[in-house]
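The block underneath contains the structure these notes are about, expressed in structure tokens.
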Amino acid sequence: MVPNPIPWLLIVAVLGSLTVAVLLVIVVRSRHPVRNGLLLALSLGLALPAAAFGVLINPWLYEARFAAYHRFYRGIKTGMTTTDVLSLMERHYPAGGPRARPTIMENTTQRLGFFMNPEHVREPNCEGIFLSVQNGVVISKGYSAD
């Protein structure tokens, strides 16, 4: 079984970020230009794993299907009718468009829910949008990451 790399990346990112903060405090207080240059270079080298981890845990930064799904979620507002939400989905995911439409997993008088279509990608594939509905109007929304 292959261990999950995320916890190690998180540890490296947190430790790197803390070290960068300490080094930057030392640079601000120090008056030695050579030491400052070396500490700044070290800070940048330690900040890279933190930046890589930040990108890794935010797939909407590099994957189009996540970006489209997040735009759809941000477009949903409380006070919209369920018809408005379904029309919004049609606008974000037109028939024959580049993205596959989300799957409607629940459409009742009290709830409306969507799962992001994995589009032939195995993981992650369970991003969810959950709307609470009352009298055909959205009263709250929630997002569940995979």
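As the structure is a prediction and not an experimental result, all values here were calculated from the model. Excluded from the calculations below are hydrogen atoms, water molecules and symmetry mates; all remaining heavy atoms, backbone and side chain alike, are included.
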>> Using only atom types and a distance under 3.5 Å, with no angle test, would you say the side chain of T103 pairs donor to acceptor with the backbone of M105?
In response: no
> Going only through I, L, V, M, F, W and Y residues with side-chain contacts under 4.5 Å, is there a path from L88 to Y143?
Replying inline: yes
>> Ignoring hydrogens, what is the shortest heavy-atom contact between F114 and P102? Give both atom names and the distance.
In response: CB-CB, 4.1 Å
> What are the two closest heavy atoms between V85 and F72, and how far apart are they?
Replying inline: O-CE1, 3.9 Å
> Do any pairs count as a salt bridge (Lys or Arg N to Asp or Glu O under 4.0 Å) and have a residue in residues 80-91, sequence neighbours left out, and if so which ones?
Replying inline: E90-R101
> Are any non-hydrogen side-chain atoms of I129 and Y69 less than 4.5 angstrom apart?
Replying inline: yes
> How would you list, by chain and number, every residue that makes a salt bridge (charged side-chain N to carboxylate O under 4.0 Å, His left out) with R71, sequence neighbours excluded?
Replying inline: none
>> For S132, give me all partners under side chain to side chain donor-acceptor pair (under 3.5 Å), at least two apart in sequence or on another chain.
In response: S140
>> I want to check something: taking the side chain as every heavy atom from C-beta on, are I104 and L112 in contact at a cut-off of under 4.5 Å?
In response: yes
>> Would you say that R111 contacts L131 through its side chain, given a criterion of any heavy-atom pair below 4.5 Å between the two side chains?
In response: no
> Would you say the side-chain atoms of E127 and Y73 include a donor-acceptor pair closer than 3.5 Å?
Replying inline: no
>> Nearest 0.5 Å, please: how far is OG1 in T82 from CG in N135?
In response: 11.0 Å
> Quick one: are I139 and T78 in side-chain contact, heavy atoms under 4.5 Å?
Replying inline: no
> Does K141 make a cation-pi contact with F130, if we ask for NZ or CZ under 6.0 Å from the ring centre and within 45° of the axis?
Replying inline: no
